[in-house]
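It should be emphasised that the depicted structure is a prediction, and the values quoted were computed from it without experimental measurement. Throughout, protein chains are lettered first and strands after them, A, B, ... in sequence-line order, and every chain is numbered starting at 1.
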Amino acid sequence: MRVKHLLSGACAAAMLAGAAYAERGADGQLNIIYWQAPSTMNPYLSGGTKEVEAASMVVEPLASYDENGNIVPRLVDELPTVDNGGVSADLKSIIWVLKEGILWSDGSPLTAADAVFTWEYCTHPEGGCAQSSYFDGVTSVEAVDDRTIKINFADPKPYPYTALVGAESPIIQKAQFQDCMGAKAPECTDQNFGPIGTGPFVVTEFKANDVISLEANSNYRDANKPAFGSVLFKGGGDAAAAARSVLETSEFDYAWNLQIEPEVLTQMEAQGKGKVVVSFQTSVERLHLNQTNPDPSLGDMRAVYAEGENAHPFLTDPAVGKAMSMAIDRDILVEAGYGKTGQVTCNVLPAPEIYASTANDACKTQDIEGAKAVLDAAGWVPGSDGVREKDGVRLSVLYQTSTNSVRQGTQALVKQMWAEIGIEAELRNIDASVFFGGDPSSPDTFQKFYADVEMYTNNFSGADPEAYMANWRCSEIPTPDTQWQGSNIQRFCNPAYDALVDEMSQTADLNERGRLAKEMNDMLMESYSIIPLVHRGGTSAHANSLGGVKMTDWDSELWNIADWHRIK
Amino acid sequence: MLNYTIRRLMFAIPTLFVISFIIFAILDLSPGDPTGNLPLTIPPDVREKIRESLGLGQPFPIRYLKWCQQFFVNEPLNLIENWTGWTIGDGERLRVTSWSTRSPVVDLIAERMPQTLWVVGMSYVVAILIAIPIGVISAYRQYSLFDQIGTFVSMVGFSVPTFFTGLILIVVFSVNLGWLPSVYDTTHKVTDWSSFWVQVRQMAMPTMVLALATTAQLSRFMRASMLDNLNQDYVRTARAKGLRERSVVLIHVLRNSMIPVVTVIALGVPAIFGGAIITEQIFKVNGLGALLIIGIQGADIPLVQTLTFLFAVLIVFFNLIADLLYGILDPRIRYD
């Protein structure tokens, strides 16, 4: 009896101590399920979200984004800014100073040479590096001394936190990867599957597209972290099954990307075994209204911009776009397809807060009568079959998107809403791998846009919208000359907009950048070439016993996995 | 017989070459882009670089010949090196490499073979063990209660798809009762009795789901074949000789009835290696079926090409086996 008491007393004491200073590995195994399994642990060779997130447990960037989209130092003590002298006054270089004493998991020290190597690795012309856009505009990365990294830019870079910041561009070890440059990169299977990192975990076994076993990094910089001794990172199945394994059977502690019917998720959560967590970043489900004519009879000129000569017969009239936007009840779309993982939005740039405009919020409520009035005023009157027309042009659109049950549901609802104001819609859906595939010989890609209206989601990584807003410059319009590459999908072109883009690339002041971004967003919204519908969040679920999760959509969801622990 | 076998094997070689070319051409002509599933935040020029690094810039015939060289020369040489420890040439040769994982396709297949053979193979064995007795009894006692129930169960097995039975089993045994895991753990290693028990538990549901479908098919074949034979003259003769009923049914009739059933079983073996695409997805077994589907979704052409070609080889091979088994089981069939 006495022994038992003593033991339980000791246990209680240990638990009390554990609450304050958990020991590394004290919480046993963490089970994570990603229903799309990672195919490699080298984010530079894949670019897919699943690979980037899996790798973020092992390799780390200099700084990360927290759950609110704020940048937080990781391998450095302090974030370089113009004020503390880390960013040069002409905005053409940035100096990062590594924390002292950081070791790779093999015990060797992390040095500035590794950062230089990472830049060389990703910018090698034959390597096919998927994250090379993070190093755009970087002319050189220098190792000033062992701990000091200097990144030089070709032009002034008002927002210099791109290279080596965020889970997409982590630092890899020079000693491990130096024989894997360029064309040799894919041949280094062992390195790509088991990178040496500075992060909290180390890969022990990697089975591509199946499962990753990891254990705590014994050289991690915080001696008490991570709380978990090992991680089982399982892939496969589908989103609903992943949700079930956390919320219903408790086999797993964390499940990622649970894009399933909202009522199903709510039902599962109601069992009380886990929590659904949502984080909003910049993903917006939107409609693009084609500003060029996609008429099949045009042959080679179909949906080609041609300096404005080939304008769409009616979608270039802002009144039509405005009426289409007013007729949509976004609340219903959110309720039917997204639940708590979506919010109504009237902006293509919904976040971060300093960039989010409030000028267009009128769209949040449906206004059928108003929409009809707008069309009437513009001369679009109902024809004999109820579809509005003007000068023999009928308001009939072909509305396409990728194959996905939520999207088809949204399409059906929007079609109905447009029918109420006399706009006819023909629906079409295309397999996602073809729609987003970008094959210039396929007529069905979203870039070719052989339709009047199309719907998909886009976002930008990181927290700075400069590159994203530059997507809608005139020069970004996809044409046959560019092999249909380009990001200005709806073929919007306005010299005033281009001027704002140029101004933003010269502006360092954050408030001024906010003003410019809002102005650009409003200009796009008022052109009604883009109709934003839903601000979409990332959805994950974790078991009630898992503590420390700070869900973020701005960076890898596993960005703070070192702090995760078991709640006792 | 030997001559026939050799002739068939020689004939298989051009057949397989034609098959490999057709598969390659179909995959090449089909739409899809290995960078299509990447997030839209990755710009087009970076995508173009990725495609180039995958060798997509080269013309079709060159890519086909490269694959042939990698698959028919480099991979076997590599296999020999691994088995014997010799180094042939400089030991450096390009292997068939998957685009999504950037690792050799053959290694991926080898990694997934165990769980597929365990789960799908075991389901096949279980199905055969259940189906043959059911078929025999159903035929011998035609229209009895047992036969009626057997017919009903086979109809269920035929008509209810595995994604439905799989989900039902998960809801009952994992969610409500909590007896069996719904996720197959491929890292689990059997070392003692308790870990063996864990393995049995995680294999139970996928194996039973697959076995139900196979049992339904095989037991119907067995029943039909038995019925054909039970009315034959030789059965009456055997009974008239005064043989025990047991030896009439289980020796004379059963052996003759097995001929078509054995063929069906042999022809079904390649399907085991093909994995069970849907069932593997449901239980997260991640075997060859799941590998194939991931390859197709990601437009990972080298992976899909190699896998489908290996399936073609197995199908050609087991067709030959089935033909030879005919000759062995039924002395009246001779090929020379």
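- Proximity to chain B (any heavy atom under 4.5 Å) is restricted, for A/Glu251, to the side chain, taken from C-beta onward.
- The side-chain heavy atoms of B/Arg102 and A/Thr189, taken from C-beta on, include no pair separated by under 4.5 Å.
- Residue A/Gln271 places its CD atom among more than 12 non-hydrogen atoms of other residues, nucleotides or ligands, all under 6.0 Å distant.
- For CE of B/Met208, the number of neighbouring non-hydrogen atoms (other residues, nucleotides, ligands) closer than 6.0 Å is 12 at most.
- Proximity to chain B (any heavy atom under 4.5 Å) is restricted, for A/Phe252, to the side chain, taken from C-beta onward.
- Heavy atoms closer than 4.5 Å to chain B are found in the backbone of A/Phe206, but not in its side chain.
- Ranked by heavy-atom pairs under 4.5 Å with chain B, the first of A/Ser245, A/Cys129, A/Ser132, A/Ala130 is A/Ala130.
- For a residue to count as touching a neighbouring chain, one of its non-hydrogen atoms must lie under 4.5 Å from one of that chain's; by this rule A/Pro125 touches chain B with the backbone only.
- Atom CE of residue A/Met41 and atom OG1 of residue B/Thr101 lie 14.0 Å apart, to the nearest 0.5 angstrom.
- Interatomic distance, B/Thr186 OG1 to A/Glu205 CD, rounded to the nearest 0.5 Å: 8.0 Å.
- For chain B, the nearby parts of A/Lys207 are the backbone and the side chain; heavy atoms of each come within less than 4.5 Å.
- Within 6.0 Å of the NZ atom in A/Lys273, the count of heavy atoms belonging to other residues, nucleotides or ligands exceeds 12.
- Taken to the nearest 0.5 Å, the CG atom of B/Leu167 stands 5.5 Å off from the CZ atom of A/Arg244.
- The contact between B/Arg112 and chain A is made entirely by side chain atoms (from C-beta outward), counting heavy-atom distances below 4.5 Å.
- Listed here is the closest heavy atom pair of B/Ser100 and A/Ser39: O-OG, 3.0 Å.
- Rounding to the nearest 0.5 angstrom, the gap separating the CG atom in B/Asn286 from the CG atom in A/Asn209 is 8.0 Å.
- Rounding to the nearest 0.5 Å gives a distance of 5.5 Å between CG of A/Leu232 and CG of B/Asp185.
- Contacts of A/Thr457 with chain B are made by backbone atoms alone, with heavy-atom separations under 4.5 Å and no side-chain atom involved.
- Considering only heavy atoms from C-beta on, B/Gln115 comes within 4.5 Å of A/Asp210 through its side chain.
- When each of A/Thr40, A/Asn42, A/Leu45 is scored by its heavy-atom pairs under 4.5 Å with chain B, the top score falls to A/Leu45.
- Only the side chain of A/Phe446 comes within less than 4.5 Å of a heavy atom of chain B; its backbone N, CA, C and O stay farther away.
- For A/Ser487, no part lies under 4.5 angstrom from a heavy atom of chain B.
- Residue A/Tyr134: no heavy atom, backbone or side chain, is found under 4.5 Å from chain B.
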